[in-house]
Novice: 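Have a look at this one before I ask anything.
Computation of the quantities below employed the complete heavy-atom set of this structure, encompassing side-chain atoms and omitting hydrogens, waters and symmetry-equivalent molecules. On a predicted model such as this, the values are computed, not experimentally measured, just so you know. First the proteins, then the strands, lettered A, B, ... as listed; each starts at 1.
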Amino acid sequence: MDNLKAVLESLLFATEAPLTVDKIKSILETEDRKAVQDALASLAEEYEFQKRGFLLSEVAGGYQIRTRPEYAHWVRRMREAKPARLSQAAMETLAIVAYKQPVLRTDIEHLRGVDSGGILRTLLERGLVRVLGRKDLPGRPMVYGTTKRFLEFFDLKALSDLPTLKELQDIGKEWPNDST
Amino acid sequence: MDNLKAVLESLLFATEAPLTVDKIKSILETEDRKAVQDALASLAEEYEFQKRGFLLSEVAGGYQIRTRPEYAHWVRRMREAKPARLSQAAMETLAIVAYKQPVLRTDIEHLRGVDSGGILRTLLERGLVRVLGRKDLPGRPMVYGTTKRFLEFFDLKALSDLPTLKELQDIGKEWPNDST
Amino acid sequence: MEEQTQDNTAYLVHLPELFDGPMDLLVHLVKKNEVDIYDIPIALIAKQYLEYIKLMKAFDIDVAGEFLVMASTLTYIKSRMLLPPEPSEEEEEEDPRMEIVRPLAEYLQLKHAAEDLANKDRLDWDVFVRGYPDGAESSDEQAGGLVQVGLFELIDAFQEIIKRVSPQDLLNITVDTISVKGRISEIADILERRGSVTFEEFFEKQATKADIIVTFLAILEMAKSQIIRIMQHVESRIIRIFNG
């Protein structure tokens with residue numbers, strides 16, 4: 001294989017766990033351990049010499065490309081900016097608020113079957129849900145609805161762009177109440 | 001920053017999603033868009049010139065390091081990748097959504113001559129197609145379009161990267177290959 | 001398939017794969033016969049098309065309704081081709097085949113497009129990036145520190161709930177009710193900004209009757225939920241809506 005180094009590099013780039021020489025040999029269907037080791041050494045040297053943003057590390061009995069420690073600060077900054085993911089419970093709550101608004105917390109909890117106060121607070125903090133007002137019931141419970149940010153978040157022009165259950169059925173979603 | 005290229009490389013190496021120039025600017029706390037763009041271009045050239053195992057792709061409005069397609073065979077072996085099977089019908093539907101968006105389900109079905117609800121659903125679930133909104137027609141039918149993931153999936157910079165239908169026909173043979 | 005026969009087994013080898021739809025079959029036939037799509041020998045193509053359908057039926061393959069519609073279209077065009085042009089007509093009559101040529105040409109274009117797409121470097125097959133074990137997750141992000149999720153995930157979440165509760169009160173969600181909810185949200189936006197708005201203002205910019213009704217229903221619903229208070233000035237008789 002005349003481009004062994006480049007192939008190796010593509011493997012090292014695409015792997016998550018360190019690659020052992022044995023693993024590499026089996027992927028490349030070669031018996032030439034020496035060639036693989038030489039190529040690895042040559043890559044490591046190249047990264048060093050060219051002062052690349054990453055280096056080839058020998059870890060846990062295998063090889064792995066890692067970012068150069070000098071740049072850890074920036075990589076960390078990037079990782080920290082990594083957005084959070086909404087939990088399943090948050091998605092459920094959000095779905096109920098979206099489809100049933102204006103909705104009371106008790107309605108949400110009735111549908112979900114569990115206390116949803118904490119999740120509602122998170123959604124409020126995230127700006128996806130807001131308090132629309134208070135209902136004239138004992139305790140003056142708050143009524144919730146979705147925000148503009150909710151629309152942006154789901155790339156909706158308007159709330160009326162939400163598909164209806166009927167429409168979902170039409171595009172083939174199976175609903176528990178029909179059949180089975 | 002004198003080692004901008006190397007820092008950029010470490011970021012590109014450590015990211016999962018394509019990095020936009022804006023994102024890079026905010027991580028590096030720089031206002032120098034031109035410097036970032038120059039460094040990106042220089043990296044892309046370097047990868048090309050040095051025939052590295054990966055290349056710098058411009059996808060979905062950002063930059064991402066991807067393995068070189070020539071070595072796909074070996075990476076697939078390593079990842080034990082299964083073909084991301086999209087049927088011919090799915091590809092057709094996807095092409096219609098891509099070229100005719102915003103498009104109604106009835107338009108798709110009119111063009112293909114068959115019910116396309118099931119396929120549309122699969123594409124929605126795979127995140128390649130999304131609901132763009134509704135059309136001001138009786139029943140307010142939903143209109144569909146492609147997603148950012150669609151761009152990532154097909155290695156496209158932007159939708160405008162797609163050849164026009166006219167171009168396709170001109171360069172294309174008169175007949176598309178069907179599998180018969 | 002050029003000739004008819006009762007013996008289906010003879011065709012077993014020739015039975016083409018199942019076609020995705022009538023257009024697909026039509027493309028196949030036009031291509032097989034190497035004819036110009038703008039000058040289709042309609043009698044020949046119609047004949048072969050019908051033979052194919054017959055064959056499918058013979059093999060107990062479900063022939064979808066769309067195939068039959070196309071069959072009748074072809075037969076109709078064929079019959080019109082046989083008629084002499086109406087002498088009384090002044091204008092030149094359009095070639096009856098255009099009815100099928102136009103959609104066929106468009107379909108062909110899109111087949112080219114689909115093929116072009118299929119030839120691109122596909123993620124997780126031709127090219128790979130780091131950290132996508134199965135390519136299922138693309139972290140699209142937005143300002144505000146949240147991963148953008150697809151609408152479908154929201155809907156899936158809703159579906160999960162419906163599985164658990166009686167669906168009765170959830171099934172009345174229609175385009176109209178969602179429109180009302182949307183308007184409630186808009187009105188809440190305005191009230192948040194301005195505190196109070198006159199009743200008339202809400203209706204001034206409404207374009208259609210449907211919009212007016214939706215706005216009215218939204219105000220009623222908001223009043224019912226006590227999100228807003230509706231007051232009338234004693235003298236001016238102007239009705240104002242306040243944040244509740």
Novice: In sequence, state the C-alpha distance, the side-chain angles, and the governing distance for C/D189 and A/R130, and then conclude on side chain to side chain contact (heavy atoms under 4.5 Å, CB included).
Specialist: CA-CA 10 Å; C/D189 280 338; A/R130 62 177 160 174; 2.8 Å; yes
Novice: How far apart are the closest heavy atoms of A/T146 and C/S185, and which atoms are they?
Specialist: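 What the structure gives for the nearest pair is O-OG, 3.2 Å.
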Novice: Just verifying a value: how many Å separate C/F128 CZ and A/L11 CG, rounded to the nearest 0.5 Å?
Specialist: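 With rounding to 0.5 Å, CZ (C/F128) is 10.0 Å from CG (A/L11).
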Novice: Below 4.5 Å from any heavy atom of chain C, which atoms of A/L12 appear? Answer side chain, backbone, both or neither.
Specialist: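 Looking at A/L12, just its backbone touches chain C.
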Novice: Atom CD1 in A/I65, atom CZ in C/R130: separation rounded to 0.5 Å?
Specialist: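 Output value for this atom pair is 6.5 Å.
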Novice: More than 12 heavy atoms of other residues, nucleotides or ligands under 6.0 Å from CZ of C/F216: yes or no?
Specialist: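 It does not: C/F216 CZ has 12 such atoms or fewer within range.
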Novice: Would you indicate whether A/R33, at its atom CZ, is surrounded by more than 12 heavy atoms from other residues, nucleotides or ligands within a distance under 6.0 Å?
Specialist: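 Yes, the 6.0 Å shell around CZ holds more than 12 heavy atoms from other groups.
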Novice: If you tally heavy-atom pairs under 4.5 Å against chain A, which of C/E186, C/M222, C/E192 wins?
Specialist: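 Option with the greatest count: C/E192.
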Novice: Should the heavy atoms of other residues, nucleotides or ligands under 6.0 Å from CD of A/E45 be counted, would the total exceed 12?
Specialist: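 No, not enclosed.
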Novice: Looking at every non-hydrogen atom in both residues, tell me the closest pair between C/I184 and A/L132 and how far apart they are.
Specialist: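 Residues C/I184 and A/L132, closest heavy atoms: CG2-CD1, 4.1 Å.
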